[in-house]
Amino acid sequence: MNTVTFLKRLLFRKRPAVFLDRDGTIIEDVGALGDPADIRVFPDTGRALGKLSKKYDLFVVSNQGAVSNGILTITQVNEVNRTLTEKLAAQGITIKEWYVCPHDRKDGCQCIKPSSYFLQKAAKAYAIDLKRSFFIGDHPHDAYTGKEAGVFGMYLFSGHGARHLQELDPAVPVFPGILQAADWILKHPHPARDLAKAVRAGARALKKGGLTAFPTETVYGLGADALDSKAAEKIFKAKERPFNDPLISHVASKKDVTRLVKKLSSEAEALIDRFWPGPLTLVMEKSSIVPDVITAGTKTVAVRMPSHPVALDLIRRAGCPVAAPSANLFGRTSPTCAEHVRAQLEGKYDVLIDGGYCRVGVESTVLSLVGKLPRILRPGGISQEEIEAVIGPCLSNTGDGSPIETSDGNKDHQSPGMLPSHYAPKTPFFLVAKLPVEDAGTKCAGIILGPKECPPESPFTGELRVLSPSSDLKEAAANLYRVIQELDKQGLEKIYAVRMPHEGIGIAMNDRLTRAAEKSVE
């Protein structure tokens with residue numbers, strides 16, 4: 001290739017882009033935004049876009065149905081966008097184009113998301129390579145915009161993200177906010193190819209008796225072949241985990257379960273049909289092929305089918321059930337992203353698959369089916385009410401970490417996460433009914449569900465972390481471990497967490513907070 005040809009190709013080479021939703025993604029969603037004075041840019045927006053702009057052209061694509069409905073004028077929308085352009089330009093960030101669909105969905109226009117209309121316009125006008133581009137937003141239609149053209153969709157919990165999470169395809173990676181999404185993009189410029197390569201490597205490691213850390217919808221797991229006792233022993237050594245704490249075996253099909261258990265009861269069948277794949281672990285009598293090291297020498301085995309596509313693909317490719325506790329040092333806070341795994345276990349696994357952040361954010365519900373009545377051993381992503389709607393009344397563990405009496409009279413820990421002290425940061429951690437008055441000199445932080453837990457007149461003087469601006473428990477659960485791990489790095493003297501509403505997934509959150517805390521203060 002001569003110099004002229006090389007320069008021509010370099011000059012006319014298409015560039016990748018990042019397309020962004022506006023409200024709920026780069027600024028707070030305050031409804032119909034017509035006054036620039038009401039703009040509230042997310043704190044991380046400048047950092048995130050600054051990083052991305054070094055390698056990607058940036059575009060904003062927004063649906064503004066309030067124009068069609070007469071609530072806003074297009075002039076108001078354009079003025080807000082102009083003001084945002086100036087704010088971002090002051091930080092050295094250029095938005096190539098602001099694309100606005102002013103229609104309501106009933107108008108039947110060609111430009112409303114998830115249509116790729118504006119993305120195709122950008123591709124022609126700015127020579128954008130859509131196959132190397134990304135779309136970031138807080139609504140499912142953002143994640144699907146441009147999918148048919150090869151654009152990789154990414155979903156945020158910010159804005160309306162928590163509200164619409166159940167509508168989202170499990171294959172779409174999720175992130176707490178725009179900064180985490182930006183960091184992931186820069187590490188994975190070819191995301192589909194990178195993930196597929198990592199899964200293949202992880203499966204090869206499992207087949208060879210190694211360890212693979214991988215994402216599930218609950219937390220990241222540290223996996224080994226569940227039928228290989230020597231491989232499973234490596235998990236205990238890597239995590240510094242006692243051998244009396246059993247492991248959950250993960251499967252990718254119902255057929256896999258029948259190999260691991262003596263019998264599937266009608267209750268188990270009904271629960272599998274309703275909740276699998278998903279965050280529900282079932283404890284049943286084990287078959288003879290399950291090694292004792294997996295079950296801590298008990299007669300039962302804990303099994304679940306994760307809903308994360310990466311986890312399912314890994315299990316299928318490995319060709320074996322995968323024993324996997326959370327991918328962290330024993331007793332420490334569970335990981336909800338790959339960086340959390342690296343921070344605690346780097347060098348102790350063969351492969352780490354980075355699939356973004358976990359959607360549920362706390363471990364699975366563990367339900368024992370071996371007693372006279374089903375019993376929840378550990379609360380998690382599926383509530384007791386949801387379970388009872390399928391199989392009728394069930395018992396619930398007291399949550400004090402005591403061994404559960406099994407049907408044959410033995411007292412065993414049938415489930416992980418039942419020890420009284422677990423999930424703890426290194427920083428002294430306290431569970432409280434409300435944030436206390438602290439001395440001004442104390443380096444402390446508080447974790448609360450939403451803004452109402454710390455009103456303006458609150459005397460608390462430490463750093464404050466809100467798990468969900470809208471007090472959404474599911475969003476809070478997805479953020480809980482991440483916030484604890486971030487605060488744990490800051491050299492604080494104390495971390496306080498305010499008890500969550502004791503309902504839904506809040507019950508699981510309170511269970512984890514209780515076990516993580518040095519002391520609970522009412």
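Computed from heavy atoms alone, side chains included, the values below leave out hydrogens, waters and symmetry copies. Here, residue 1 is the first one in the sequence, and each next residue gets the next number. All values derive from a computational prediction rather than experimental measurement.
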**Request:** Say whether S158 and D138, considering side chains only, have a donor N or O and an acceptor N or O under 3.5 Å apart.
**Result:** no
Practice item. Indicate whether the side chain of K262 and that of S287 have a donor and an acceptor atom separated by less than 3.5 Å. Key: no
Measuring only between side-chain heavy atoms, which start at C-beta, is Y155 closer than 4.5 Å to D169?
no
- Classify the side-chain pair E388/Q384 by whether it contains a donor and acceptor separated by less than 3.5 Å. yes
Checking side chain to side chain contact (heavy atoms under 4.5 Å, CB included) for the pair S368/T300: CA distance, chi angles, key distance, verdict?
CA-CA 9 Å; S368 173; T300 60; over 6 Å; no
D511 side-chain N/O to P379 backbone N/O, donor-acceptor pair under 3.5 Å: no
Side chain to side chain contact (heavy atoms under 4.5 Å, CB included) with V251: of V257, T258, V322, only one passes, and it is V257
Could you walk me through whether D292 and K286 satisfy the salt bridge (Lys or Arg N to Asp or Glu O under 4.0 Å) test, starting with their C-alpha distance in whole Å, then the side-chain angles of each, then the deciding distance to 0.1 Å, before giving a yes or no? CA-CA 10 Å; D292 285 345; K286 72 175 184 178; 2.6 Å; yes
On a heavy-atom basis, the closest approach of G361 and V219 is O-CG1, 4.0 Å
Value for OG (S266) from CG (L369), rounded to nearest 0.5 Å, stands at 9.5 Å
Pair E363, S326: side-chain N/O donor-acceptor within cut-off below 3.5 Å: no
Minimal heavy-atom distance between A226 and A323, with the atoms involved, is CB-N, 3.6 Å
- Query: Side-chain donor-acceptor pair under 3.5 Å between R304 and T218, yes or no?
  - Reply: yes
Using the side chain to side chain contact (heavy atoms under 4.5 Å, CB included) rule, take F134 and L52 through it: C-alpha gap first, then chi angles, then the decisive distance, then the call.
CA-CA 11 Å; F134 298 80; L52 290 173; over 6 Å; no
Value for CG (D225) from NZ (K230), rounded to nearest 0.5 Å, stands at 13.5 Å
Minimal heavy-atom distance between I136 and T25, with the atoms involved, is O-CG2, 3.8 Å
From the list M305, H250, E217, side chain to side chain contact (heavy atoms under 4.5 Å, CB included) with P277 holds only for M305
- [ ] Please determine if D183 and K187 form a salt bridge, counting it only when a charged side-chain N lies under 4.0 Å from a carboxylate O.
- [x] no
Electrostatic pair K443-E463, nearest N-O below 4.0 angstrom
no
message = Quick check against the 3.5 Å criterion: does R204 have a side-chain atom that pairs as donor or acceptor with the backbone of K208?
response = no
Are any side-chain N or O atoms of N479 and backbone N or O atoms of L467, one a donor and one an acceptor, separated by less than 3.5 Å? yes
Between Y496 and F460, what is the ring plane arrangement, given parallel below 30°, perpendicular above 60°, and tilted in between?
-> perpendicular
Output for pair (D21 CG, H160 NE2), nearest 0.5 Å, gives 10.0 Å
| Taking the inter-plane angle between the rings of W184 and F152 on a 0 to 90° scale, is it parallel (under 30°), tilted (30 to 60°) or perpendicular (over 60°)? | parallel
Item to complete: May I ask you to decide if A343's main-chain N or O and E346's side chain share a donor-acceptor pair within less than 3.5 Å?
Response: no
(message) Taking I235's backbone N and O only, do any of them form a donor-acceptor pair with K348's side chain (distance below 3.5 Å, no angle check)?
(response) no
Does A252 offer a backbone N or O that forms a donor-acceptor pair with the side chain of D256 under 3.5 Å? yes
Next item on the list: Start with the C-alpha distance between L222 and L345, add both sets of side-chain angles, then the distance that settles side chain to side chain contact (heavy atoms under 4.5 Å, CB included), and finish with yes or no.
Entry: CA-CA 10 Å; L222 182 66; L345 294 181; 4.0 Å; yes
Interatomic distance, CG@L312 vs OG@S307, rounded to 0.5 Å, equals 7.5 Å
Please check this pair: side chain of Q344 against backbone of V341, looking for a donor-acceptor N/O pair closer than 3.5 Å.
no
Distance col, row H502:NE2 vs I507:CD1, nearest 0.5 angstrom, shows 4.5 Å
Scanning both residues in full, the closest heavy-atom pair of G356 with F175 reads CA-CE2, 3.8 Å
- Test item: T365 side-chain N/O and I382 main-chain N/O as donor-acceptor pair under 3.5 Å: yes
Report task. Return yes if some donor-acceptor pair links the side-chain N/O of Y220 with the main-chain N/O of G355 below 3.5 Å, else return no. Result -> yes
Review point. Within the distance-only criterion (no hydrogens, no angle test), does the side chain of R482 pair as donor or acceptor with the backbone N or O of P176 below 3.5 angstrom?
Key: no
| Using a distance-only test with no angle check, is there a side-chain donor-acceptor pair under 3.5 angstrom linking E339 and Y357? | no
Here the gap from I484 atom CD1 to L480 atom CG, rounded to the nearest 0.5 Å, amounts to 4.0 Å
**Message:** Could you check whether T281 and S364, counting side-chain N and O atoms only, form a donor-acceptor pair closer than 3.5 Å?
**Reply:** yes
H139 and H164: aromatic ring centres closer than 6.0 Å? yes
* Answer yes or no: is there an ion pair linking E269 with K254, defined by an N-O contact shorter than 4.0 Å? => yes
Heavy-atom closest pair (F157 atom, L165 atom, distance to 0.1 Å) is CE2-CD2, 3.6 Å
Requested in this report: Report yes or no: is the cationic atom of R515 (NZ for Lys, CZ for Arg) under 6.0 Å from the centre of the six-membered ring of Y423, at an angle within 45° of the ring normal?
Outcome: no
Return yes when atom NZ of K239 has more than 12 non-hydrogen atoms of other residues, nucleotides or ligands closer than 6.0 Å, and no otherwise.
yes
